[in-house]
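We use all heavy atoms of the structure for the numbers below, so side chains are in, but hydrogens, waters and symmetry mates are not.
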Amino acid sequence: MNAWYFLCLLSVVAIFIAFTNQYVLKLQTTIAITTGSVVISLLLMVLASVSGGGITASIAQAVDGLNFNMLLLKGMLGFLLFAGALEIDLHLLRNQRWEIAIMALGSTLISTIIIGYFSYWALALCGWDLPLIYCMLFGALISPTDPIAVLAIIKKMNAPDKISVQVEGESLFNDGVGLVVFSTIFALIFTGQEPTFTGVVELFLVDAVGGILFGVVLALVAHWLICRSNDSSIELLITLCIPSAGYALANLLDISGPLAMVVSGIFIGNVTRTVGFSEHSQQTLSHFWHTVDAFLNSLLFILIGLLLVVLPVTWTEAALGLLMVPLVLLARFISVSLPYLGFRRFRTYDAHSIKILTWGGLRGGLALAMAASIPHGKLIINGVDYHTLMVMMTYVVVIFSIVVQGMTISPIIERSIEEGKNGQA
């Protein structure tokens with residue numbers, strides 16, 4: 001089965017799970033699809049052990065042949081980030097620009113360092129003596145909250161505006177920041193360059209600042225074209241060029257495509273939408289990108305679940321993954337709490353802000369794609385390839401995040417909504 005046919009089949013399965021879920025389990029769609037695909041993977045593995053697994057081998061070969069890293073990081077991510085950024089309210093974002101900027105940059109870096117050191121010590125206690133910089137790479141890939149997973153739940157819950165814009169804004173921007181941090185550490189480990197402070201700062205700034213500036217340029221060009229078009233179909237196609245050709249060009253220029261998509265999406269969604277589109281075209285724009293977002297989300301999360309079929313699962317690596325779960329949550333709590341010590345000197349925030357940002361900081365396909373990009377055979381530890389160890393540990397954290405945290409975040413948000421209503425009464 002070639003990759004295109006397999007993706008078409010997965011799309012049908014994802015939509016079927018989502019359709020069934022609305023009448024049976026009634027979970028959030030992202031959680032339902034991920035859980036369903038994990039169950040399918042486990043059933044396929046059981047079937048393989050009983051019957052020899054011809055079908056399972058074919059599916060595993062098809063999943064492995066998709067190149068998850070390329071599919072997400074070089075393709076789907078641009079569309080998903082652009083679609084999410086289109087819905088960001090610039091007025092609310094501006095009111096909390098310092099909070100979002102500090103958490104997207106500061107909290108991501110703090111979390112990377114904490115997870116790096118914590119995982120270094122924890123793995124050493126378990127007899128896995130990984131070099132510290134390799135643990136920092138794990139910290140970099142697992143620290144960013146995945147906007148794809150986060151936004152789907154926050155939108156469904158109708159969370160309070162102040163919390164919603166913080167979660168959405170931080171997750172969109174820390175995604176780009178996290179990729180830049182990961183790319184910087186990755187280059188230091190695998191390109192053989194001597195790490196210098198100047199070199200690291202230069203690499204970081206070129207990637208991040210270059211991505212932001214490129215996003216502004218993309219948005220301005222698209223804005224000019226849309227404002228001079230009278231055809232709603234052409235206007236829609238122009239927006240489609242941003243996460244396709246624009247994202248590809250950013251990758252070719254070695255600058256942050258994710259940050260470019262976030263910046264251009266916010267500009268198009270807040271500026272161009274009001275002056276370049278008619279009222280009917282605005283509705284069409286929203287419906288179109290909601291549909292694209294929902295479809296790609298469904299496809300992505302069924303792929304995340306099915307990755308279990310191709311992972312070299314062992315009890316040891318799964319246990320190490322479970323060990324990382326509390327470490328990642330603790331690092332997230334510390335990295336969010338520290339900025340709030342300063343924030344609360346100037347503003348009043350929801351009493352549950354830190355809880356929602358900590359427990360709602362889901363990890364998803366982005367972390368898995370970064371882990372999958374780590375080359376094979378560069379480091380063998382206790383007879384296990386470093387690539388395999390990172391992918392397996394990341395997978396366990398991601399599945400726990402989406403399924404367990406995703407299913408249990410609702411009561412915290414509901415409590416916040418209820419207290420907000422009582423406060424207004």
Side-chain angles (χ1 to χ4, degrees), residues 6-7 9-46 56 59-60 62-64 66 68-69 71-73 76-77 79-81 83-84 141-142 144-157 167 171 175 293-311 313 318 321-322 324-325 328-329 359-372 391-410 413:
F6 186 62
L7 285 175
L9 176 62
L10 289 185
S11 301
V12 173
V13 174
I15 292 167
F16 175 76
I17 293 174
F19 179 82
T20 306
N21 172 66
Q22 64 184 334
Y23 296 106
V24 183
L25 298 175
K26 299 181 180 179
L27 298 172
Q28 199 280 328
T29 306
T30 298
I31 300 168
I33 291 174
T34 306
T35 306
S37 55
V38 169
V39 171
I40 291 170
S41 296
L42 292 172
L43 290 174
L44 287 171
M45 293 167 71
V46 171
T56 305
I59 293 175
V63 173
D64 197 39
L66 285 176
F68 186 78
N69 172 42
L71 181 66
L72 179 58
L73 286 186
M76 293 169 64
L77 185 60
F79 290 89
L80 289 162
L81 289 177
L141 70 88
I142 206 67
T145 54
D146 193 320
I148 303 160
V150 174
L151 294 179
I153 292 174
I154 290 295
K155 288 176 184 176
K156 180 80 172 180
M157 289 296 301
V167 175
S171 64
D175 167 59
D293 187 43
F295 173 72
L296 291 180
N297 262 315
S298 300
L299 188 57
L300 171 62
F301 284 99
I302 196 165
L303 274 172
I304 289 174
L306 285 176
L307 281 176
L308 185 61
V309 176
V310 298
L311 291 178
V313 181
L322 288 172
M324 293 300 112
V325 170
V328 169
L329 285 170
W359 199 248
L362 309 185
R363 274 72 179 181
L366 178 63
L368 280 168
M370 286 192 278
V391 171
M392 191 61 212
M393 287 186 352
T394 304
Y395 186 85
V396 174
V397 173
V398 166
I399 293 300
F400 179 91
S401 169
I402 295 172
V403 177
V404 178
Q405 291 175 234
M407 289 178 69
T408 53
I409 187 63
S410 299
I413 297 177

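To the nearest 0.5 Å, the span separating CG on L296 from OG on S11 amounts to 9.0 Å. The distance from atom CZ of F301 to atom CG of L10, rounded to the nearest 0.5 Å, is 14.5 Å. To the nearest 0.5 angstrom, F295 atom CZ is 6.0 Å from I15 atom CD1. Considering CE of M407 and OG1 of T34, their distance stands at 11.5 Å, rounded to 0.5 Å. One finds the CG atom of L81 at 4.0 Å from the CG atom of L77 (value rounded to the nearest 0.5 Å).
Looking at every heavy atom in both residues, Y395 comes nearest to I304 through CE1-O, 3.0 Å. Considering every non-hydrogen atom in both M370 and P144, the closest pair reads CE-CG, 4.4 Å. Of all the heavy atoms in A18 and I33, the pair that sits closest is CB-CD1, 4.2 Å. The two residues V398 and G364 come nearest to each other via the heavy atoms CG2-O, 3.6 Å. Between D293 and A83 the shortest heavy-atom distance is CB-CB, 4.0 Å. Minimum heavy-atom separation, A371 to V391: O-CG2, 3.7 Å.
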query = Passes side chain to side chain contact (heavy atoms under 4.5 Å, CB included), L71 versus L303? Steps please.
reply = CA-CA 11 Å; L71 181 66; L303 274 172; 3.5 Å; yes
request  = Could you go through the side chain to side chain contact (heavy atoms under 4.5 Å, CB included) check for N297 and T29 one step at a time?
outcome  = CA-CA 9 Å; N297 262 315; T29 306; over 6 Å; no
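The closest side-chain heavy-atom distance from I17 to I40 is below 4.5 Å. Contact of the V396 side chain with the M324 side chain is not registered, since no non-hydrogen atoms from C-beta on lie closer than 4.5 Å. Taking the side chain as every heavy atom from C-beta outward, L329 and W359 approach each other to under 4.5 Å.
Checked against side-chain contact (heavy atoms from CB on, under 4.5 Å), S37 has the following partners two or more places apart in sequence or in another chain: I302, L306. Applying the ring-ring contact (aromatic ring centres under 6.0 Å, His included) test to F19 and every residue at least two apart in sequence or in another chain returns Y23. For the side-chain hydrogen bond (donor to acceptor under 3.5 Å, both in side chains) test, no residue two or more places apart in sequence or in another chain qualifies with T20.
At least one donor-acceptor pair closer than 3.5 Å links the side chain of S41 to the backbone N or O of G305. No side-chain donor-acceptor contact under 3.5 Å links S401 to the backbone of V397. With hydrogens and angles disregarded, no donor-acceptor distance shorter than 3.5 Å links the side chain of Q405 to the backbone of G360.
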